[in-house]
**Q** 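Submitted below is the structure of interest, expressed as structure tokens.
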Amino acid sequence: MKIIYPILTAAALSVATMAAADPARQAIVDFYANAAGVTDFSAEGGKSLFETTQVGGQPDTNVCTACHGTNHTDTGRTRAGKTIEPMAVSANPARFTDLEKVEKWFRRNCDTVLGRQCTAHEKGNVIAYFSSL
Amino acid sequence: MKDTVSTRYVLSTGAVAIIAGAVLAVVLFDGAPTKASDDDYFQPVQDEIVKSECSECHMAFPPGMLPARSWQKIVAGLEDHFGENASLAPVTTRHITEYLVANAADAGGNSSGVLRGLDEADTPVRISEMPWWVREHREEIRDGAFQDPRVGSKAACTACHVGAEQGVFEDD
């Protein structure tokens, strides 16, 4: 046990470090954690929000994957035919590193897909999901 | 000095590119340099803010494809932009409107062929509803072309017009 604990701790630390490798992304995660009053986000919650068909928004785009696709290490496509860069941080390291851009697209796309704004908790969950892929 | 040299290099490279582009245009258009009145050429967006903000979901459509009143209506309604929220900060919206209006098909009292057939009371918000667009796409497009998954939308100009981003919309 004396040996296993340090190994597990090291493994847990390295996973956390990998997911938060970019300080700019970590700052955004911290910003949403502070706004939501939580200390942790759920990748499962983010997956559910992103991949579940929603009601309340536009019928043509009632799920995030309508444009972003279901393989998040691959590109998506807008309705007007433009390529959308991958959502998975592993495939697109620039994802979630610019708060202004992140806020701009949550503001637009949550309204389009859900017919409402996303909460800070939901936004943090989505980032956790794409950081885990 | 280094900066000066590299600036010169960039400038001369740019000049070469422009000359090469002009030569290419002459070749493509059988001796006639491209100009705004040509059916197949529309000057692309020159403004960097307009170019980046208006090209995130679709190509940045040339301002000369629509009259000023259409652009004003489109930008005023970005919260519901063909079913999507494409809203921007008010200062950005204002800048984009000013640019599009100043370079619209009817800017400066111009009456280009782009406005032929358009009723003065009409304010189309889709370029594909403009009479010139309908004329240009009426006969030579095969049925179902816009439903083809590789196209998918009448807003996907580049699917067929490979030079669209450079303003060249010749028949491909």
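Here is how names work: the chains are called A, B, and so on, in the same order as the sequence lines, proteins then strands, and each is numbered from 1. Any value given below was found using the heavy atoms of this structure, including those in side chains, with hydrogens, waters and symmetry copies removed.
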**Q** Using a 4.5 angstrom heavy-atom cutoff, name the option from B/Ser153, B/Gly83, B/Gly152 with the most pairs to chain A.
**A** B/Gly83
**Q** Scan B/Ile49, B/Leu88, B/Val75 and name whichever one has a side chain to side chain contact (heavy atoms under 4.5 Å, CB included) with B/His95.
**A** B/Ile49
**Q** So which part of B/Glu56 gets closer than 4.5 Å to some heavy atom of chain A, the side chain, the backbone, both or neither?
**A** both
**Q** Select, from B/Cys57, B/Cys157, B/Ala156, the one with the greatest count of heavy-atom pairs under 4.5 Å involving chain A.
**A** B/Cys57
**Q** Just so I understand: if I count every heavy-atom pair under 4.5 Å between each of B/Ala159, B/Ala155, B/Ser87 and chain A, which residue has the most?
**A** B/Ser87
**Q** Tell me, for A/Arg77 versus chain B, whether the close heavy atoms (under 4.5 Å) come from the side chain, the backbone, both or neither.
**A** side chain
**Q** Would you say the side chains of A/Ser42 and A/Asp40 form a donor-acceptor pair under 3.5 Å?
**A** no
**Q** If you take the centroid of each ring, where Trp contributes its six-membered ring, are B/Phe169 and B/Trp132 closer together than 6.0 Å?
**A** no
**Q** Check whether B/Thr158 gets within reach of chain A through its side chain, its backbone, both or neither, counting any heavy atom under 4.5 Å.
**A** neither
**Q** Are the aromatic rings of A/Tyr32 and A/Phe41 close, with centres under 6.0 Å apart?
**A** no
**Q** Is it the case that more than 12 heavy atoms not belonging to A/Glu44 sit under 6.0 Å from its CD atom?
**A** no
